[in-house]
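Take a look at the structure set out below.
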Protein chains: 2
Amino acid sequence: MDADYHADPTPEAARDAVRDAAGRAVSLDGVCELAYDGRAASTLAPGRRHVLLKPDGALLAHAATGHQPVNWLAPGATHEIAVEDDELVLRGERDGETLVCRFLAVDLVALFPLDDADSEVSGTEEDLRERVLADPDLVEEGFRPLATERDTAAGAIDVYGKDASGTAVAVELKRRRVGPSAVGQLDRYVDALRRDLHADAEVRGILVAPSVTDRARRLLTENGHDFVPLSP
Amino acid sequence: MDADYHADPTPEAARDAVRDAAGRAVSLDGVCELAYDGRAASTLAPGRRHVLLKPDGALLAHAATGHQPVNWLAPGATHEIAVEDDELVLRGERDGETLVCRFLAVDLVALFPLDDADSEVSGTEEDLRERVLADPDLVEEGFRPLATERDTAAGAIDVYGKDASGTAVAVELKRRRVGPSAVGQLDRYVDALRRDLHADAEVRGILVAPSVTDRARRLLTENGHDFVPLSP
DNA sequence: AAATATATATCGCTA
DNA sequence: TAGCGATGTATATTT
């Protein structure tokens with residue numbers, strides 16, 4: 001179906017247009033107040049917003065700044081559009097969460113088809129893993145990968161293997177500079193691996209990332225783990 | 001300034017409209033291909049997209065599904081709009097990242113003002129902290145809060161205090177159900193606090209959250225920490 | 001600018 | 001469905 005636009009519609013005309021979406025996305029420009037309730041709660045006084053309703057139910061209300069919508073509902077939400085007190089009201093609901101957009105004025109209603117996207121991204125953690133598996137010496141001279149996603153009681157180890165002297169090694173990969181939480185993650189895996197193997201088994205932990213923060217570096221040292229600088 | 005719309009514009013008319021934005025946001029509906037390069041890299045074949053350019057430089061390209069844009073640039077990006085080979089091309093750049101939107105067809109260009117939003121959200125972690133400070137017995141009978149955001153070598157403890165018997169307590173607050181990472185966080189704080197006080201000081205850790213996963217519960221037990229169920 | 005943690009995070013995968 | 005971790009996470013706060 002084709003695109004369709006209504007400038008300065010009456011509330012009733014806007015309502016009818018939205019009801020006519022038929023699988024298309026809808027954008028609403030105008031002055032509206034917003035009320036969200038669900039995981040948290042918030043209200044926003046009337047102001048000019050850009051509201052996007054996608055065919056999968058996702059509802060995004062954007063203000064002047066920022067990447068994030070100021071209010072939203074996740075995909076899968078269901079919606080009702082109505083005129084109340086001569087104002088266009090869009091109500092969305094999903095999983096106990098609600099978002100109400102009450103328009104004091106509508107400047108434009110646009111209906112337009114949107115296509116699915118299958119974007120392939122490169123430079124991810126998976127790319128880093130492939131790099132390490134293709135050339136394990138990048139981690140350490142003599143490192144031999146034995147498994148990826150090796151399961152432990154604490155979760156899956158990115159790359160499990162043995163070093164040149166045969167000691168078990170847990171490798172945690174990060175595609176960007178890391179802070180303390182990544183060290184905690186590696187620490188949990190190393191602990192779990194020690195238990196899984198046997199009580200006094202020697203297990204090393206190696207964090208592979210482009211760089212680490214000072215605090216993360218200190219935690220690595222305290223816990224006896226190694227750091228290898230490497231980018232995806 | 002007022003809103004302004006151009007349906008099925010020529011590439012030149014679309015370009016001139018975007019250049020006329022003058023502090024307004026711009027939305028572009030049409031068929032475009034996308035190319036991102038920066039922290040990672042991705043390309044997306046031509047398809048129907050909804051592109052939103054905000055006055056702060058944020059650029060969002062939406063496909064049919066999902067809360068997230070399929071490609072974007074962060075606020076602060078700078079942009080150029082041009083016609084190349086009879087196609088409208090929007091190039092954005094910020095901090096070494098680039099996003100190019102090449103339109104094979106433009107259905108609508110809309111220019112409209114957007115207002116800033118100052119949304120007050122309730123039900124956050126801060127609300128949970130206020131609740132705990134107003135009634136410390138919610139954490140534990142006899143718990144006395146002594147500081148919030150108490151600094152340690154591992155970071156700031158949400159609530160620091162002492163229990164009924166005078167033992168130091170680190171309280172970590174989470175507004176929703178928590179997994180292993182929150183336990184790791186609490187663990188780091190307790191370790192750091194033990195060092196900060198003195199080598200053999202007794203320090204307890206208490207995780208306050210609506211609920212915990214099984215694995216997180218196990219990690220809490222292993223590390224000798226307590227869990228208190230409490231919602232914001 | 002760097003570091004750290006929160007978020008109505010979202011998203012994808014796996015058991 | 002729930003749990004778990006990655007994400008081009010974004011965002012706010014503090015140093």
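This is a predicted model, so every value here is computed, not measured. These values consider heavy atoms only, across backbone and side chains, with no hydrogens, waters or symmetry-generated copies. Residue numbers begin at 1 in each chain, while the letters A, B, ... track the order of the sequences.
Side chains of B:Arg204 and B:Thr167: no donor on one and acceptor on the other come within 3.5 Å. When only modelled atom types and interatomic distance are considered, A:Ser42 and A:Asn71 share a side-chain donor-acceptor pair under 3.5 Å.
In this structure, the CZ atom of B:Arg150 is 16 Å from the P atom of C:dA5, given to the nearest Å. In this structure, A:Leu219 places its CG atom 13 Å from C1' of C:dA3, rounding to the nearest Å. In this structure, A:Arg129 atom CZ and C:dC13 atom P are separated by 12 Å, rounded to whole Å. The separation between A:Leu207 atom CG and D:dA6 atom P is 11 Å, rounded to whole Å. Following rounding to the nearest Å, B:Leu128 (CG) and C:dA5 (P) show an atom-to-atom distance of 18 Å. Atom CZ in B:Arg175 sits roughly 10 Å away from atom C1' in C:dA9 (whole-Å rounding). Separating the CZ atom of A:Arg94 from the C1' atom of C:dT8 is a distance of 11 Å, rounded to the nearest angstrom. Between B:Leu44 atom CG and D:dG8 atom C1' there is a gap of 14 Å when expressed in whole angstrom units.
When the side-chain nitrogen and oxygen atoms of B:Thr213 are compared with OP1 and OP2 of D:dC4, one or more of them lie within a distance under 4.0 Å. Checking the phosphate oxygens (OP1, OP2) of C:dT6, a side-chain nitrogen or oxygen of B:Gln185 falls inside 4.0 Å. Remark: B:Tyr189 is not in phosphate contact with C:dT4, judged by side-chain N or O atoms under 4.0 Å from OP1 or OP2. Residue A:Arg215 places at least one side-chain N or O closer than 4.0 Å to OP1 or OP2 of C:dT4.
Within the nucleic acid shown, A:Ser181 has no heavy atom closer than 4.0 Å to any nucleic acid atom. Contacts of B:Arg188 with the nucleic acid, taken as non-hydrogen atoms under 4.0 Å apart, involve only primed sugar atoms and P, OP1 or OP2. Contacts of B:Ser42 with the nucleic acid, taken as non-hydrogen atoms under 4.0 Å apart, are absent. Here B:Glu126 lies out of heavy-atom contact (under 4.0 Å) with every strand. Residue A:Glu149 is classed as having no contact, given no heavy-atom separation below 4.0 Å to the nucleic acid. Residue B:Ala154 is classed as a sugar-phosphate contact, given heavy-atom separations below 4.0 Å to backbone atoms only.
The ring-ring contact (aromatic ring centres under 6.0 Å, His included) contacts involving residues 30-60 of chain A comprise A:His50-B:His50, A:His50-B:Phe112, where partners must be two or more places apart or lie in separate chains.
For residues 54-81 of chain B, proximity to DNA chain D is found at B:Asn71, B:Trp72, B:Leu73, B:Pro75, defined as any non-hydrogen atom under 4.0 angstrom from a strand atom.
Nucleotides C:dT8 and D:dT14, compared at atom C1', are 25 Å apart to the nearest Å. The P atoms of D:dC4 and D:dG8 are separated by 22 Å, rounded to the nearest whole Å.
Checking A:Val178 against B:Arg176, the closest nucleotide of DNA chain C that is more toward the 5' end is the one next to A:Val178. Sequence order on DNA chain C of the closest nucleotides to A:Arg177 and B:Asp158 puts A:Arg177 first from the 5' end.
If you check C:dT8, C:dT6, D:dT7 against the side chain of B:Glu125, the one that comes closest is C:dT6. Distance from the side chain of B:Glu172 is smallest for C:dT6 among the nucleotides D:dG5, C:dT6, D:dA6.
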Go through A:Leu207 and A:Asp226 one step at a time and tell me if the side-chain contact (heavy atoms from CB on, under 4.5 Å) criterion holds. CA-CA 6 Å; A:Leu207 181 62; A:Asp226 293 312; over 6 Å; no
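Pairing each heavy atom of A:Leu59 with each of A:Cys101, the nearest pair is CD2-SG, 4.3 Å. Pairing each heavy atom of A:Arg102 with each of A:Arg91, the nearest pair is NH2-NH2, 4.3 Å. Nearest heavy-atom pair across A:Ser211 and A:Arg177 is OG-NH1, 3.0 Å.
Partner assigned to C:dC13 is D:dG3, using Watson-Crick or G-U wobble distances below 3.5 angstrom.
The shortest side-chain heavy-atom distance between A:Phe143 and A:Asp137 does not fall under the 4.5 Å cut-off.
Considering CG of A:Leu230 and CD1 of A:Ile206, their distance stands at 11.5 Å, rounded to 0.5 Å.
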